[in-house]
J.: 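Sharing a structure here in structure tokens format.
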Amino acid sequence: MTIKVVIAGHRGNMGKSAVQMVSNQEQFELVAVVDSKHAGKKMHEVQGAEPLDIPIYEDIDLCFGERSPDVLIDLTTPAYGKKHMESAFAHGVRPVVGTTGFTEEDIEALRHTAQEKGLGAIIAPNFAIGAILMMKFAQSAAKYMEDVEIIERHHDRKLDAPSGTAIKTAQLISEVREAKVQGHPEEKEDLPGARGADFEGMKIHSVRLPGLVAHQEVIFGSVGQTLTIRHDSINRESFMPGVKLAVETVMNLDTLVYGLENIID
């Protein structure tokens, strides 16, 4: 069966990689892209876009109505991502979303809609398989080493901090770790924020610099030893196997799944 795909956010680095991935898969068919610019044109008519005979839409409802896709790959922003998911559900389209920044309330509301419609949906803070393994390994380690800090590093164009991956990692660790205050009980920040964000006593530090893509390390400390679990995405192609897996899997779901770790063994 051919899976018809629409991509929102095709001009970003992730979007460009997604366009190439979908176009190169025999079982996928790219039927349109959604963009705030260039509506009514074809991709090959836009400088910097892939030279494809694929229509560009600004109105996502019009796009869904005319192109009848099976799956939406959304790589935009939380504000647009939420609206696009709601529109997708209304048109019977299954969303695969790589945008971070959704609140727990957003996720629960979207999950309710997905279940009501009987449609699958996937929101993934990180599509890199290695990053998912890093989170799983960190959760396993936290059963034995409860003092932990997370350092995430991303490019300087990333809007949210901490990253969705860092928050998801902390949430997974919290499932096996009792909340506790780490460090000296009389610890004081001479510069506010020096110790990072706090998640149930775990500290999360965000670095934003040009030249970075997506990197995270989880550092555990215990008596006389430390353990560091680290993952690095060198380029956006590292995310494409996860996007491909999500598109294939979402066709067999009837609810919203948050986190790629829930669809891999």
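Source: prediction; values computed, not measured.
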J.: When you look at I122 and Y258, which way does the side-chain contact (heavy atoms from CB on, under 4.5 Å) test go after all the steps?
T.: CA-CA 6 Å; I122 295 174; Y258 179 71; over 6 Å; no

J.: Are E217 and R153 ion-paired here, with the side-chain N under 4.0 Å from a carboxylate O?
T.: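 Yes, this pair counts.
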
J.: Answer yes if I167 and F220 sit in the same cluster of Ile, Leu, Val, Met, Phe, Trp and Tyr residues linked by side chain heavy atoms under 4.5 Å apart, and no otherwise.
T.: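 Each belongs to a different hydrophobic cluster.
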
J.: Run K180 and E146 through salt bridge (Lys or Arg N to Asp or Glu O under 4.0 Å) and show every step you take.
T.: CA-CA 9 Å; K180 60 168 289 188; E146 59 185 16; 3.4 Å; yes

J.: Report yes or no: do Q115 and T255 form a side-chain donor-acceptor pair below 3.5 Å?
T.: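 Per modelled atom types, Q115 and T255 side chains form a pair under 3.5 Å.
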
J.: Check the pair D156 / K158 against salt bridge (Lys or Arg N to Asp or Glu O under 4.0 Å), numbers first and verdict last.
T.: CA-CA 6 Å; D156 59 346; K158 185 171 179 60; over 6 Å; no

J.: Using a strict cut-off of less than 4.0 Å between a Lys/Arg side-chain nitrogen and an Asp/Glu carboxylate oxygen, indicate whether R208 and E152 qualify as a salt bridge.
T.: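 So R208 pairs with E152 through a salt bridge.
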
J.: Tell me whether D74 contacts the main-chain N or O of T76 through its side chain, where contact means a donor paired with an acceptor under 3.5 Å.
T.: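 Yes, the answer is positive, given that a donor and an acceptor are paired below the 3.5 Å cut-off.
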
J.: Is there side-chain contact between F127 and V96, with at least one heavy-atom pair below 4.5 Å?
T.: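 F127 vs V96: side chains touch.
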
J.: Could you tell me the separation between the CD atom of Q171 and the CE atom of M135, rounded to the nearest 0.5 Å?
T.: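 Result: 10.0 Å between the selected atoms.
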
J.: Looking only at heavy atoms, which two atoms of V31 and P69 are closest? And how far apart?
T.: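 Residues V31 and P69, closest heavy atoms: CG2-CB, 4.2 Å.
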
J.: Check for me, please, whether M85 and V93 land in the same ILVMFWY cluster - side-chain distances under 4.5 Å, paths through other members count.
T.: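 Different clusters: M85 never reaches V93 through Ile, Leu, Val, Met, Phe, Trp or Tyr contacts under 4.5 Å.
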
J.: Going through the checks in order, is the salt bridge (Lys or Arg N to Asp or Glu O under 4.0 Å) test met by E108 and R111?
T.: CA-CA 5 Å; E108 284 307 310; R111 180 176 287 119; 2.5 Å; yes

J.: Ignoring hydrogens and geometry beyond distance, is a side-chain donor-acceptor pair present between E149 and H205 at under 3.5 Å?
T.: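 Their side chains do contain a donor-acceptor pair, which is all the 3.5 Å distance test asks for.
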
J.: Would you compute the distance between atom NZ of K168 and atom CD of Q139 and round it to the nearest 0.5 angstrom?
T.: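 Going from NZ on K168 over to CD on Q139, the span is 9.5 Å.
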
J.: Determine the minimum heavy-atom distance between P95 and F89, stating which atoms define it.
T.: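 Answer, listing the atom of P95 first, then F89: CD-CE2, 3.7 Å.
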
J.: Examine V257 and V250 and state if one hydrophobic cluster contains both, with Ile, Leu, Val, Met, Phe, Trp and Tyr joined whenever side-chain heavy atoms are less than 4.5 Å apart.
T.: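 Result: yes, single cluster for both.
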
J.: Distance-only, no hydrogens or angles: does the D106 side chain make a donor-acceptor pair with backbone N or O of F102 under 3.5 Å?
T.: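 Here the side-chain-to-backbone pair does not exist.
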
J.: Hey, does the side chain of H231 reach the backbone of I229 with a donor-acceptor pair shorter than 3.5 angstrom?
T.: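 No; judged by distance alone, with no hydrogens or angles, the pair does not exist.
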
J.: side-chain contact (heavy atoms from CB on, under 4.5 Å) between D232 and I234: does it pass, once the steps are laid out?
T.: CA-CA 6 Å; D232 297 278; I234 308 304; 4.1 Å; yes

J.: Output the distance between atom CG (L212) and atom OG (S233), rounded to the nearest 0.5 Å.
T.: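 Nearest 0.5 Å value for the CG-OG distance: 11.5 Å.
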
J.: What distance separates L52 CG from L30 CG, expressed to the nearest 0.5 Å?
T.: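 One finds 7.0 Å between CG of L52 and CG of L30.
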
J.: Can you see which heavy atom on E200 is nearest to which on S174, and at what distance?
T.: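 Result for this residue pair: OE1-CB, 3.2 Å.
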
J.: Is it the case that the side chain of Q182 and the backbone of V148 share a donor-acceptor pair, with hydrogens and angles ignored and the cut-off at 3.5 Å?
T.: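 At least one qualifying donor-acceptor pair exists.
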
J.: Indicate yes or no for a side-chain donor-acceptor contact from S140 to the backbone of K136 under 3.5 Å, with no hydrogens or angles considered.
T.: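 Here the side-chain-to-backbone pair exists.
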
J.: Does the R177 side chain pair with the main chain of Y144, one donor and one acceptor, at a distance under 3.5 Å?
T.: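 No, R177 side chain to Y144 backbone: no donor-acceptor pair under 3.5 Å.
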
J.: Rounded to the nearest 0.5 Å, what's the gap from CD1 on I123 to CG on L110? Could you check?
T.: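 One gets 5.5 Å once the value is rounded to the nearest 0.5 Å.
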
J.: Treat each ILVMFWY residue as a node, draw an edge where side-chain heavy atoms are under 4.5 Å apart, and state whether V6 and I56 are in one component.
T.: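 V6 does not cluster with I56.
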
J.: For Y80 and I60, what are the C-alpha separation, side-chain angles and deciding distance, and is it a side-chain contact (heavy atoms from CB on, under 4.5 Å)?
T.: CA-CA 11 Å; Y80 281 106; I60 197 166; over 6 Å; no

J.: For the side chain of T113 and the backbone of A109, is there at least one donor-acceptor N/O pair under 3.5 Å apart?
T.: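 Side chain of T113 to backbone of A109: a pair is present.
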
J.: Quick one: does D59's side chain have a donor or acceptor within less than 3.5 Å of a partner on L62's backbone?
T.: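 Yes, because the side chain of D59 sits within donor-acceptor range (under 3.5 Å) of the backbone of L62.
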
J.: Just verifying a value: how many Å separate M134 CE and L172 CG, rounded to the nearest 0.5 Å?
T.: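 So the gap between those two atoms works out to 10.0 Å.
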
J.: Are K4 and D70 close enough, and set up right, to give a salt bridge (Lys or Arg N to Asp or Glu O under 4.0 Å), and what steps lead you there?
T.: CA-CA 5 Å; K4 296 193 291 184; D70 300 302; 5.7 Å; no

J.: Are I129 and M21 connected, step by step, through hydrophobic side chains (Ile, Leu, Val, Met, Phe, Trp, Tyr) whose heavy atoms are closer than 4.5 Å?
T.: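 Yes, same cluster.
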
J.: With side-chain contact (heavy atoms from CB on, under 4.5 Å) as the test, pick out the partner of M43 among D35, D53, I54.
T.: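 The passing option is I54.
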
J.: Step by step, would you call Q216 with T169 a side chain to side chain donor-acceptor pair (under 3.5 Å)?
T.: CA-CA 10 Å; Q216 180 171 296; T169 304; 2.9 Å; yes

J.: Are any side-chain N or O atoms of T249 and backbone N or O atoms of A246, one a donor and one an acceptor, separated by less than 3.5 Å?
T.: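 Pair absent, no side-chain N/O of T249 close to backbone of A246.
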
J.: Would M145 and L227 count as a side-chain contact (heavy atoms from CB on, under 4.5 Å) here? Give the steps.
T.: CA-CA 9 Å; M145 302 178 75; L227 170 66; 4.0 Å; yes

J.: Between R236 and M14 (side chain of the first, backbone of the second, donor and acceptor by atom type, cut-off under 3.5 Å), is there such a pair?
T.: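 No.
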
